[in-house]
Number of protein chains: 2
Amino acid sequence: MSATIKSVAEHAGVSIKTVSRVINNEGTVKPDTLAKVQAAIDELNYKPNKAARDLAGRDNYVLGYVYDNPNAYYIIDMQKGILNECRANGYELLIHPCDASSRDIIQEILGMVDSARLAGLILSPPLSEMPEVLSALDDKGVRYVRILSGSEALENSPPCVLVNDFQAAYQITEHLIQQGHRDIGFIAGEKQHNSTIERQKGFAAALAAHDLPQHPEFVIEGTYSFGTGVESIEKLLTLPKKPSAVFACNDEIAAGALFGARMRGVDVPETLAIAGFENSPFSRQTFPPLTTASQPTDQIAQRATSTLIQSLKARKLGNDKQTIPAHVFVPELVVRESTNRS
Amino acid sequence: MSATIKSVAEHAGVSIKTVSRVINNEGTVKPDTLAKVQAAIDELNYKPNKAARDLAGRDNYVLGYVYDNPNAYYIIDMQKGILNECRANGYELLIHPCDASSRDIIQEILGMVDSARLAGLILSPPLSEMPEVLSALDDKGVRYVRILSGSEALENSPPCVLVNDFQAAYQITEHLIQQGHRDIGFIAGEKQHNSTIERQKGFAAALAAHDLPQHPEFVIEGTYSFGTGVESIEKLLTLPKKPSAVFACNDEIAAGALFGARMRGVDVPETLAIAGFENSPFSRQTFPPLTTASQPTDQIAQRATSTLIQSLKARKLGNDKQTIPAHVFVPELVVRESTNRS
DNA sequence: AGAAGGAATGACAACGCTGTCATTTGACTC
DNA sequence: GAGTCAAATGACAGCGTTGTCATTCCTTCT
């Protein structure tokens with residue numbers, strides 16, 4: 001059906017191998033030969049057969065994105081960013097949603113890497129933070145890049161991209177303080193997630209920096225879900241001394257908190273200010289819209305992918321020991337009506 | 001690294017080809033040979049190399065999902081359903097978000113099919129409703145399954161799975177009428193989408209069936225977006241005669257309408273009832289939660305995928321002319337507080 | 001017991017590409 | 001103008017599977 005490398009070679013009057021060199025940008029082809037080959041490729045509308053490349057070559061142009069995250073907006077943005085970078089570099093993407101709490105999650109991932117001969121994996125939280133998964137991948141020699149919460153990568157760690165949740169949470173909290181709030185509640189996501197930990201640290205640090213007391217009873221543990229928001233606000237608003245503002249660990253919790261406040265007839269932001277985190281689309285669609293921290297998920301994903309591809313290339317060229325510096329993203333404060341008592 | 005078919009063959013004391021027969025369930029293997037081979041496969045933890053299969057075989061175990069849809073929840077559910085079926089049948093999935101309005105969308109899709117040697121494509125709206133895309137695929141002989149709005153498939157059409165938007169919209173409208181509403185607004189999505197057309201027809205049919213007048217000024221055209229909801233409600237609420245209920249073409253529009261109503265201080269559902277469509281997660285997360293029609297997106301996707309795989313098998317066996325009957329899904333009415341003036 | 005014929009199995013080429021290594025080309029030196 | 005050497009190109013095997021066709025093994029029938 002479609003043109004093969006052989007037909008291109010004949011068309012251009014060169015050997016198959018030379019065409020292969022052109023396709024792979026090996027750089028050792030004379031300019032006019034290159035032009036001839038390019039012309040033939042264009043004319044025949046030739047596309048390399050991925051299966052054949054994968055089979056013949058050492059390296060395989062397929063990346064995998066493994067995730068367990070109920071947040072549809074996050075996943076879609078991740079996919080978008082990854083795909084952008086994949087397309088630019090001739091890679092394909094296999095997606096693999098999974099259940100991180102499943103007993104044989106490791107076998108599942110390893111099996112997938114094996115059967116699809118993946119070149120590398122992109123890992124986002126919570127999978128990127130599970131030591132047993134990482135060490136299984138290390139043992140097998142599977143390349144991967146991690147996206148995770150933090151501000152500094154460990155020495156000699158596998159490549160990663162960081163999101164500075166601490167700083168962003170600090171800023172959000174500081175914004176609430178500047179609005180005059182002194183009693184600020186905190187609603188946490190899953191407490192084993194780094195993002196939760198970092199955000200809570202940022203929150204506490206901002207309070208401390210402004211000499212405000214920490215109220216343990218103002219900190220509610222939960223999950224990254226709407227339901228947690230609803231329930232937590234219930235708890236906070238029935239306290240003898242109530243907070244006047246709440247920082248929710250993500251927008252979904254914040255939306256739940258907003259819902260809960262409304263059910264109890266509490267006005268937002270007049271009586272209670274609510275801030276979220278993530279800048280997901282619905283932070284703009286609640287009433288009132290949510291103050292939040294904007295996390296450029298697609299850019300983070302794209303950066304992670306380019307980092308992975310870079311590390312793959314480094315390995316191919318043999319300089320495997322080279323460490324790729326981790327890029328750090330800092331989510332930006334976005335102020336909207338939910339905290340704006342003007 | 002990983003075991004090859006050859007090692008399995010040696011381990012089991014049979015030929016490579018026999019192992020291949022086992023892997024592919026060809027059924028012409030004696031039970032005890034089969035058991036021996038299976039044991040060897042399990043013991044060596046052998047996984048067939050996809051690239052090699054794709055290269056050697058006629059058929060390729062990779063499906064593609066091409067979509068252009070801003071609705072993250074919809075896409076994630078689609079992916080989930082497709083992947084379920086893919087895994088059950090040993091297929092891989094390549095996802096390809098794209099811009100349906102792009103000039104060379106057809107070349108883009110064809111190129112993707114070519115270079116990844118896709119076995120078949122899954123198409124959801126709006127791509128599944130674009131004649132130029134479909135005929136390009138037909139010309140190229142690319143197999144695909146469509147998901148689209150309707151209640152009956154055309155004769156001899158390529159395989160598809162239908163969603164009966166008409167009937168669901170009829171039910172929602174009837175529900176509003178039963179709540180005592182006589183002046184009901186309608187906010188449409190993109191008017192070229194079949195789903196919009198069918199939902200509007202269902203709406204009109206229900207009004208007619210209950211001898212209610214059609215108010216053209218109550219019908220607002222827009223897009224499937226939050227913004228449309230906000231703007232449309234503005235238009236409807238400034239009419240000399242206002243509707244007492246609104247049927248929005250999807251949940252996102254409905255959420256926007258709710259937002260708009262709230263901005264104008266209009267109580268929902270007391271003064272204005274609002275219904276959406278889709279049962280996306282945030283229809284449960286607005287205040288008050290939205291009445292809607294539940295569309296089992298992941299099941300629809302799974303069904304579409306199994307239909308595609310079935311049609312692929314049929315072609316392989318030569319009985320290509322066999323038409324696979326289209327399955328019809330009817331979204332179910334879900335009543336929540338946004339229309340419930342009790 | 002031998003023939004016949006279908007079921008089960010195997011040998012081998014082929015799929016389209018890349019890696020290795022050999023060969024050719026051409027620029028430069030003396 | 002012959003010699004040198006790097007750059008450019010090519011010939012060929014091999015990646016792990018499946019398709020084709022040949023072969024072997026049974027079962028059944030005469």
Side-chain angles (χ1 to χ4, degrees), chain A residues 1-37 40-41 44-62 90 92 114-117 119 312-313 316-318, chain B residues 1-37 40-41 44-62 90 92 114-117 119 312-313 316-318:
Chain A
M1 187 102 301
S2 168
T4 73
I5 199 172
K6 197 175 159 205
S7 65
V8 174
E10 284 164 3
H11 201 85
V14 298
S15 76
I16 290 180
K17 183 68 219 192
T18 299
V19 178
S20 169
R21 289 191 177 98
V22 172
I23 299 168
N24 293 289
N25 275 313
E26 292 186 22
T28 57
V29 180
K30 268 203 299 192
D32 53 340
T33 317
L34 197 148
K36 254 193 321 191
V37 173
I41 288 178
L44 299 177
N45 188 26
Y46 165 74
K47 310 256 191 252
N49 180 323
K50 234 184 48 53
R53 296 182 92 179
D54 288 353
L55 183 57
R58 284 205 209 301
D59 29 62
N60 189 322
Y61 294 87
V62 187
E92 300 284 3
D114 252 29
S115 80
R117 258 68 179 178
L312 256 22
K313 278 196 188 133
K316 195 178 172 186
L317 299 176
Chain B
M1 185 104 301
S2 168
T4 72
I5 199 173
K6 196 175 160 205
S7 65
V8 174
E10 283 163 4
H11 202 87
V14 298
S15 77
I16 290 179
K17 183 68 217 192
T18 299
V19 178
S20 168
R21 287 192 176 98
V22 172
I23 299 167
N24 294 289
N25 275 314
E26 292 186 22
T28 57
V29 179
K30 268 204 297 192
D32 52 342
T33 318
L34 197 146
K36 253 192 320 189
V37 174
I41 289 177
L44 299 177
N45 188 26
Y46 165 73
K47 309 256 191 257
N49 180 321
K50 232 183 47 55
R53 297 182 91 178
D54 288 352
L55 182 57
R58 283 207 210 303
D59 29 62
N60 189 322
Y61 293 87
V62 186
E92 300 285 3
D114 252 27
S115 79
R117 256 69 179 178
L312 254 22
K313 278 197 189 130
K316 194 178 172 185
L317 298 176

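Below, chain A is the first sequence line, B the second, and so on; all start at residue 1. Quick note: numbers below take in every heavy atom, side chains included, and nothing from hydrogens, waters or symmetry partners.
The rotation axes computed at either terminus of the helix from C:dA1-D:dT30 to C:dC30-D:dG1 lie 40° apart, taking five pairs at each end and rounding to 10 degrees.
Nearest nucleotide to the B:Val29 side chain, out of D:dT17, C:dT18, C:dT9: C:dT9. The side chain of A:Leu55 approaches C:dG16 more closely than any other nucleotide in the set C:dG19, D:dG10, C:dG16. Listed nucleotides C:dT20, C:dC17, D:dG16 differ in distance to A:Ala56; the shortest reach to its side chain belongs to C:dC17. For B:Asn49, whose side chain is taken as the heavy atoms from C-beta onward, the closest listed nucleotide among D:dG16, C:dA11, C:dT9 is D:dG16.
Among the heavy atoms of the strands lying under 4.0 Å from B:Asn24 are primed sugar atoms or P, OP1, OP2 only; no base atom is included.
In this structure A:Asp54 satisfies the side-chain hydrogen bond (donor to acceptor under 3.5 Å, both in side chains) test together with A:Lys50, sequence neighbours excluded. Residues satisfying the side-chain hydrogen bond (donor to acceptor under 3.5 Å, both in side chains) criterion with A:Ser7, sequence neighbours excluded, are absent altogether. Taking the side-chain hydrogen bond (donor to acceptor under 3.5 Å, both in side chains) definition, one finds that A:Arg21 meets it with nothing, sequence neighbours left out.
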Sequence neighbours left out, cut at 3.5 Å: what donor-acceptor pairs do the side chains of residues 25-37 of chain B make with other protein atoms?
none

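Inter-residue side-chain proximity for A:Ile23 and A:Arg53 is flagged as met; some heavy-atom pair is nearer than 4.5 Å. The shortest side-chain heavy-atom distance between B:Thr4 and B:Asn49 does not fall under the 4.5 Å cut-off.
If you find the closest nucleotide of DNA chain C to A:Ala51 and to B:Leu34, the one lying nearer the 5' end belongs to B:Leu34. When each of B:Ala52 and A:Lys30 is assigned the nucleotide of DNA chain C with its nearest heavy atom, B:Ala52 is the one assigned upstream, toward the 5' end.
For A:Ser20, no side-chain nitrogen or oxygen approaches OP1 or OP2 of C:dC17 to under 4.0 Å. Close to C:dC17, at under 4.0 Å from its OP1 or OP2, lies a side-chain N or O of A:Tyr46. Neither OP1 nor OP2 of D:dA8 sits under 4.0 Å from any side-chain N or O of A:Thr33.
For A:Arg21 against C:dG19, a side-chain-to-base donor-acceptor contact under 3.5 Å is absent.
Non-hydrogen atoms lying under 4.0 Å from DNA chain C are contributed by B:Val14, B:Ser15, all within residues 4-16 of chain B.
As rounded to whole Å, 11 Å separates atom C1' of D:dT17 from atom OH of B:Tyr61.
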